[in-house]
Amino acid sequence: MPAIQSGFVTALYLFDVARSIDLNAIDAQVGGQAERASLGDKTAGPPRSRYVTPPLVVDGRVFGAAEIDGFRARVKFYDYGVVSLMLTRPFSGAWADLVALGQTLIESEPLEDHAARVCERVAAAVAPALVDRHPSLLSEDYLVFAVTALDTPATSQELIAVHGQDIAQLLRGERQRLSAQERDFVLSQGLSYLADDLVVPAWNAAWIYDTEAAALAAVEIFELANSQLLEFRYHDELLEGELTRLYAELQHPR
């Protein structure tokens with residue numbers, strides 16, 4: 001029996017393609033094959049997070065990209081101009097296999113190139129819905145490793161005690177064993193709500209231990225956060241360009 005009975009690996013590739021996207025136009029174009037995204041929340045009481053304008057979710061097969069390098073593909077459109085390509089594949093096996101997979105996927109140029117080509121194809125397919133399409137693409141990528149069932153159920157604290165080194169090494173994508181200092185730093189970012197759930201976020205990847213539904217809800221949050229980071233980068237570059245132009249104009253004799 002595998003140590004990890006079930007889980008999944010998700011690679012998020014986000015691209016800033018335009019100033020804005022007409023979601024209603026895409027919805028009409030794909031003919032009822034899209035749905036609006038929502039943010040799940042496992043805590044009691046009313047939802048604490050929600051979309052102002054829920055993005056539009058479309059299966060990759062609608063754009064001829066049902067699968068990419070063994071990953072099932074799904075496309076999400078945000079009204080502020082971001083297209084997110086989510087690639088997901090199931091995982092079960094030994095902890096060492098999961099760590100090795102992380103070493104392969106973190107900053108994987110082939111997978112990133114394939115994702116970029118698919119995004120270009122998607123953008124071309126929905127071109128009438130893109131407002132002020134950008135000539136070049138800014139991008140962000142993020143990996144999520146989710147474990148939804150173990151051969152022996154464990155609390156989050158038990159899991160850290162036994163497999164903390166594996167989790168930290170997985171998130172760093174390192175082939176060599178991490179120092180105790182670096183391992184503890186990575187694990188110190190962990191968050192738990194119940195005794196048997198855990199999320200350990202890092203700057204380019206995250207590890208989740210939870211039910212499948214809760215893990216998928218967490219992925220949605222990571223995707224939203226990276227889309228916002230991408231927008232901050234876009235506006236930072238836009239502001240820098242405008243300031244450079246203004247400074248040059250101020251140098252002209254008057």
(request) Please step through side chain to side chain contact (heavy atoms under 4.5 Å, CB included) for the pair Tyr193 and Val199, ending with a clear verdict. (result) CA-CA 9 Å; Tyr193 178 68; Val199 175; over 6 Å; no

Determine whether a donor-acceptor pair (N or O, by modelled atom type, separation under 3.5 Å) exists between the side chain of [X] and the backbone of [Y].
X: Thr88; Y: Thr10; result: no
X: Tyr209; Y: Ala154; result: yes
X: Gln165; Y: Leu178; result: yes

Which residues share a side-chain hydrogen bond (donor to acceptor under 3.5 Å, both in side chains) with [X], sequence neighbours left out:
X: Asn204; value: none
X: Arg19; value: Asp132
X: Arg89; value: none
X: Ser227; value: Tyr80

(message) Filter on ring pair (Phe, Tyr, Trp, His ring centres under 6.0 Å), then keep only pairs touching residues 110-140, sequence neighbours left out; what's left?
(response)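 Every ring pair (Phe, Tyr, Trp, His ring centres under 6.0 Å) pair that includes a residue of residues 110-140, provided the two are not neighbours, is His134-Tyr234.
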
Going by heavy atoms in the side chains, are [X] and [Y] under 4.5 Å from each other?
X: Phe91; Y: Phe145; value: no
X: Leu98; Y: Leu170; value: yes
X: Asp97; Y: Leu101; value: no
X: Phe63; Y: Val118; value: no
X: Val122; Y: Leu85; value: no
X: Ile21; Y: Tyr78; value: no
X: Val82; Y: Val17; value: no
X: Phe71; Y: Leu105; value: yes

Kindly compute the distance separating [atom1] ([X]) from [atom2] ([Y]), expressed to the nearest 0.5 Å.
X: Leu216; Y: Asp210; atom1: CG; atom2: CG; value: 10.0 Å
X: Ser139; Y: Leu12; atom1: OG; atom2: CG; value: 12.5 Å
X: Glu158; Y: Asp196; atom1: CD; atom2: CG; value: 10.0 Å
X: Phe15; Y: Asp141; atom1: CZ; atom2: CG; value: 8.5 Å
X: Ile160; Y: Ser192; atom1: CD1; atom2: OG; value: 6.5 Å
X: Leu224; Y: Leu229; atom1: CG; atom2: CG; value: 11.5 Å

So, for [X] and [Y], which heavy atoms are closest and what is the spacing to 0.1 Å?
X: Ser84; Y: Leu14; answer: OG-CG, 3.6 Å
X: Ala146; Y: Ala215; answer: CB-CB, 4.1 Å
X: Leu56; Y: Leu23; answer: CD2-O, 3.5 Å
X: Val200; Y: Val186; answer: CG1-O, 3.5 Å
X: Arg133; Y: Leu130; answer: CD-CD1, 3.8 Å
X: Asp27; Y: Ala34; answer: OD1-CB, 3.9 Å

(request) Under the side chain to side chain contact (heavy atoms under 4.5 Å, CB included) rule, what do Ile208 and Leu198 come out as? Steps first, then yes or no, please. (result) CA-CA 6 Å; Ile208 300 172; Leu198 177 65; over 6 Å; no

Same apolar cluster (I L V M F W Y, side chains within < 4.5 Å links), [X]/[Y]:
X: Val131; Y: Val75; result: no
X: Ile221; Y: Tyr51; result: yes
X: Leu39; Y: Leu230; result: yes
X: Val57; Y: Val83; result: no

(request) Taking atom CZ of Phe185 as the centre, report whether more than 12 heavy atoms of other residues, nucleotides or ligands fall under 6.0 Å from it. (result) no

(request) If a pair satisfies salt bridge (Lys or Arg N to Asp or Glu O under 4.0 Å) and one of its residues is in residues 168-178, list it, with sequence neighbours excluded. (result)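 Of all non-adjacent pairs touching residues 168-178, those that pass salt bridge (Lys or Arg N to Asp or Glu O under 4.0 Å) are Arg172-Glu182.
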
(message) Under the salt bridge (Lys or Arg N to Asp or Glu O under 4.0 Å) definition, can you give me all pairs with a residue in residues 212-232, not counting sequence neighbours?
(response) Arg74-Glu223, Lys76-Glu220, Lys76-Glu223

By salt bridge (Lys or Arg N to Asp or Glu O under 4.0 Å) - contacts of [X] (at least two apart):
X: Glu67; value: none
X: Glu35; value: none
X: Arg233; value: Glu140
X: Arg121; value: none

(request) Could you verify whether a donor N or O on one side chain and an acceptor N or O on the other, from Ser6 and Ser92, lie under 3.5 Å apart? (result) no

(request) Let me see the working for Leu150 and Leu159 under side chain to side chain contact (heavy atoms under 4.5 Å, CB included), right down to the final yes or no. (result) CA-CA 10 Å; Leu150 297 167; Leu159 210 51; 3.7 Å; yes

(request) Would you please name every residue forming a ring pair (Phe, Tyr, Trp, His ring centres under 6.0 Å) with Tyr142, sequence neighbours left out? (result)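 Counting only residues at least two positions away or on another chain, Tyr142 forms a ring pair (Phe, Tyr, Trp, His ring centres under 6.0 Å) with Phe222.
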
(message) Run Leu239 and Leu243 through side chain to side chain contact (heavy atoms under 4.5 Å, CB included) and show every step you take.
(response) CA-CA 6 Å; Leu239 179 60; Leu243 288 174; 4.1 Å; yes

